[in-house]
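Report on the structure given below.
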Amino acid sequence: MAAALIINLLALGFFGYSLSKSKEKSYQTLKIAFSKGISLAPWMIAIIVFIGVLLSFVPPEVIQEYLGGEMSLVQVTLAALVGTVSMIPNLVSIPLAGSLLESGASYTPIAAFLTTLTMVGFVTLPLEIKELGKKITLWRNLLAFMFAIIIALLMGVLM
Amino acid sequence: MKKNMLQNEKTNVKNNIKNKFKTLILFLIITTGVLFILQSIFPERSQIGHRAMLDYGLEVIYIFPAVLVLMGLAEVWIPADRVKDYLGKESGFKGVLLSLFLGTLPTGPLFIAFPIAGEMLRKKASIANVVVFLGAWASLKMPQIGVEIQFLGIDFTFYRVILTFVSVIFIAFLTQNMVERKDNKILI
C-alpha cells in the first residue's frame with residue numbers, strides 16, 4: 001500500500017503545482033484523465049474478472065504441482081508457461097515461491113515462473129495489442145519468454 | 001461560422017464520452033451476469049477467485065486514478081517533441097536510463113502500464129525505450145524487490161535482479177530490431 005500512497009502523493013503534488021500555474025490547463029488535465037479512464041475502465045474490469053475466473057479454476061495448489069518436480073528443460077518451460085498464463089499478485093506469488101523452495105523445489109523452475117509471471121502476460125494481450133500494436137506485443141512477449149528461460153537456467157547455475 | 005464549428009466539436013466530444021460511458025455500463029452488466037452464473041454453477045470454486053479479484057480491484061482503484069491524472073498532466077504540460085528528445089531514437093543511453101527510472105516508480109500491475117506505454121509510443125518514444133519501461137515496471141520494482149528479499153533471500157533476489165536488468169535491455173533492443181526489420185519485409 002506504500003506504493004499506492006507514493007503515487008497518489010506524486011499525482012496530487014504535480015496537480016497542485018499545475019493548478020498554481022494554470023487553471024485552464026489543470027481543468028484540461030482532469031478532462032483528459034476522465035475520458036481516458038472511462039475508455040480504459042472496461043479493459044481493467046475485463047482483466048480483473050478474467051484473473052478471478054482463471055484463479056478459481058487454476059488455484060495456487062495446482063500451480064504448485066507444476067513447479068515441484070525434477071529439473072529439466074521441459075520442466076522449466078512448463079514452469080514458464082504456467083507463469084505466462086496465470087496472473088497472481090506479487091504478494092501471493094513470492095511467498096508461494098518461497099514455500100516451494102523450502103519444501104525442496106529447485107531454483108530454476110521457480111525463477112522461470114516468477115519471471116514470466118511478471119514479464120509475459122497472456123490475459124493482458126488484448127490490451128497490450130490495442131495500445132502497442134500486434135508486432136511489438138508479440139515480439140516483446142516472445143523475447144521475454146525466451147529470456148525468462150535463460151534467466152532461469154543461469155539462476156540454477158548461480159544458486 | 002467559427003463559433004458553430006466549436007459548438008459542434010464540443011457536442012462531438014460530449015457524445016463520445018457518452019458512448020464510452022454506455023459501453024462501460026453495458027460491460028459492467030455483462031460481467032456481473034457472467035460472474036453470477038459462474039458463482040451459482042461452481043459455488044466453492046470461486047473463493048480464491050474472489051480474493052484475487054478483490055486484491056487486483058483494490059490495487060487498480062487505489063492506483064489507476066493517480067496514474068490517469070499523471071498521464072493527463074504529461075499530455076497537457078509535456079510537448080510531444082520533448083518526449084521525442086528525451087525518449088526518442090536519438091536519446092541514447094540517457095533515454096534508456098530515464099525509461100528504467102520511470103518503470104521502477106512504485107505503482108501497480110503491468111496492465112496499468114500499457115496505456116502509458118501506448119501514449120509514449122504515440123509521442124515518438126523509441127520502441128526500445130518503451131519496452132525497457134515495461135520491463136522495469138514488470139520486474140524491477142522497489143516494493144517487489146523488498147518482498148522478494150524477505151521471502152527468497154538476498155542471493156536469489158540479487159542474481160535475479162541483475163539478470164533481469166540485463167535481459168530487459170536485450171529484450172528491448174531485439175524487439176525494436178525485429179519490429180523494424182519486419183516493417184520492410186514480411187508482415188506478421
Side-chain angles (χ1 to χ4, degrees), chain A residues 2-4 6-8 10-11 14-15 18 25 28-30 32-33 35-42 44-45 47-49 51-53 55-57 59 89-91 94-95 97-98 101 107 111 115 118-119 121 124 127-128 131-132 134-136 138-140 143-144 147 151 154-155 158-159, chain B residues 17 20-21 23-24 27-28 31 35 38 45-46 48-50 52-53 55-57 60 62-64 66-73 75-77 106-107 110-111 114-115 117-118 121 127 131 135 138-139 143-144 147-148 151-152 155-156 159-160 163-164 167 170-171 174-175 178-179 182 188:
Chain A
I6 293 172
I7 198 80
N8 276 287
L10 219 61
F14 278 123
F15 188 73
S18 163
K25 279 194 165 185
Q28 216 184 327
T29 299
L30 288 184
I32 291 170
S35 121
K36 270 198 195 353
I38 280 195
S39 59
L40 285 168
M44 298 293 158
I45 296 168
I47 290 171
I48 291 168
V49 168
I51 291 169
V53 174
L55 262 186
S56 313
F57 288 95
N90 278 329
L91 284 176
I94 294 174
L101 285 177
Y107 285 103
T115 309
T118 49
M119 289 220 288
T124 51
L127 178 61
E128 192 176 351
E131 293 290 345
L132 303 179
K134 260 186 208 151
K135 274 185 279 181
I136 296 179
L138 289 179
W139 281 113
R140 191 192 76 79
L143 288 163
F147 272 90
I151 290 173
L154 287 174
M155 287 297 287
L158 287 167
M159 290 301 292
Chain B
I17 288 188
K20 283 175 181 170
F21 207 71
T23 320
L24 179 60
F27 204 83
L28 274 174
T31 41
L35 279 180
L38 278 174
R45 285 230 167 177
S46 19
I48 307 165
H50 282 171
M53 279 197 294
D55 278 359
Y56 271 114
V60 168
Y62 290 146
I63 289 168
F64 200 46
V67 169
L68 284 171
V69 168
L70 286 173
M71 278 171 80
L73 284 171
E75 188 150 331
V76 171
W77 288 104
T107 38
L110 185 62
F111 56 82
F114 291 139
L121 212 57
I127 295 174
V131 177
S139 52
Q144 184 196 335
V147 180
E148 215 178 311
F151 284 95
L152 304 175
D155 284 358
F156 184 95
Y159 289 134
R160 192 199 65 83
L163 288 173
T164 305
S167 303
F170 268 106
I171 292 168
L174 282 173
T175 302
M178 294 317 275
V179 170
K182 285 276 190 285
I188 299 181

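Predicted, not measured: the structure shown is a model, and the values here were computed from it. A note on names: the letters A, B, ... follow the listed sequences, proteins ahead of strands, and every chain is numbered from 1.
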Go through the atoms of [X] and report whether side chain, backbone, both or neither lie under 4.5 Å from a heavy atom of chain A.
{"X": "B/L24", "result": "both"}
{"X": "B/Q144", "result": "both"}
{"X": "B/D55", "result": "side chain"}
{"X": "B/L121", "result": "side chain"}
{"X": "B/L73", "result": "both"}
{"X": "B/F114", "result": "both"}

Quick check: closest heavy atoms across [X] and [Y], and the distance to 0.1 Å?
{"X": "A/K36", "Y": "B/L68", "result": "CB-CD2, 3.8 Å"}
{"X": "B/L163", "Y": "A/I151", "result": "CD1-O, 3.8 Å"}
{"X": "B/T175", "Y": "B/I171", "result": "OG1-O, 2.6 Å"}

With only heavy atoms counted, which part of [X] is less than 4.5 Å from chain B, the side chain, the backbone, both or neither?
{"X": "A/L158", "answer": "both"}
{"X": "A/L101", "answer": "side chain"}
{"X": "A/V49", "answer": "both"}
{"X": "A/I32", "answer": "side chain"}

Options [options], ranked by heavy-atom pairs under 4.5 Å with chain A, top entry:
{"options": "B/V69, B/T31, B/I63", "answer": "B/V69"}
{"options": "B/Y56, B/F151, B/Y159", "answer": "B/Y56"}
{"options": "B/P115, B/G57, B/S139", "answer": "B/P115"}

Would you mind reporting whether [Y] and [X] have side-chain heavy atoms less than 4.5 Å apart?
{"X": "A/T29", "Y": "A/F14", "result": "no"}
{"X": "A/L127", "Y": "A/L40", "result": "yes"}
{"X": "A/M119", "Y": "B/L110", "result": "no"}

Flag if over 12 foreign heavy atoms under 6.0 Å of CZ, B/F27:
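Enclosed.
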Roughly how far apart are B/R160 CZ and B/L152 CG, rounded to 0.5 Å?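 Spacing of CZ (B/R160) from CG (B/L152) equals 9.0 Å.
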Fill in: Backbone N/O of A/M159 and side chain of B/D155: donor-acceptor pair under 3.5 Å
no
